[in-house]
Amino acid sequence: MDAERARQGVESVQQWRDGEWQVRGISGGSSVKTYRCPGCDQEIRPGVAHVVAWPADGRGDLTDRRHWHSGCWRARDRRGPVVQRGRSAPRYG
């Protein structure tokens, strides 16, 4: 495996009730920004391993990517997104 692929993670397509998603695992060492998980509405801090997912249908763009805690992504069929912040709050990644 080359260094770039190891840094960015390996993509896979996953089937969920809401469609197919491109999913890439992000290692803790590659995670350098803060993101907000749409599953729990908590921050994913730099250095925390997580996943990034976006629709696999090819109709989206970079703004459709969402960073999720790995556990929140696995539990997404059992619970809906939790958004507790106001509309004017900053959005992360």
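Heads up: numbering here begins at 1 and tracks the sequence. Here the structure is a predicted model, which means the values were calculated and not measured.
Using a 4.5 Å heavy-atom threshold, the side chains of H50 and H69 count as separate. In this structure, D57 and E20 have side chains that are not in contact, with every pair of non-hydrogen atoms separated by 4.5 Å or more. Put simply, the side chain of W54 reaches to within 4.5 Å of the side chain of R24, judged on heavy atoms.
The two residues T34 and E43 have their closest heavy-atom pair at CG2-CD, 3.7 Å.
Between W21 and the choices Q15, R66, R76, the side chain to side chain contact (heavy atoms under 4.5 Å, CB included) rule is met once, by R76.
For the pair R65 (side chain) and V52 (backbone), a donor-acceptor distance under 3.5 Å is absent.
For the atom pair CD (Q14) and CD (Q22), the distance works out to 9.5 Å, reported to the nearest 0.5 Å.
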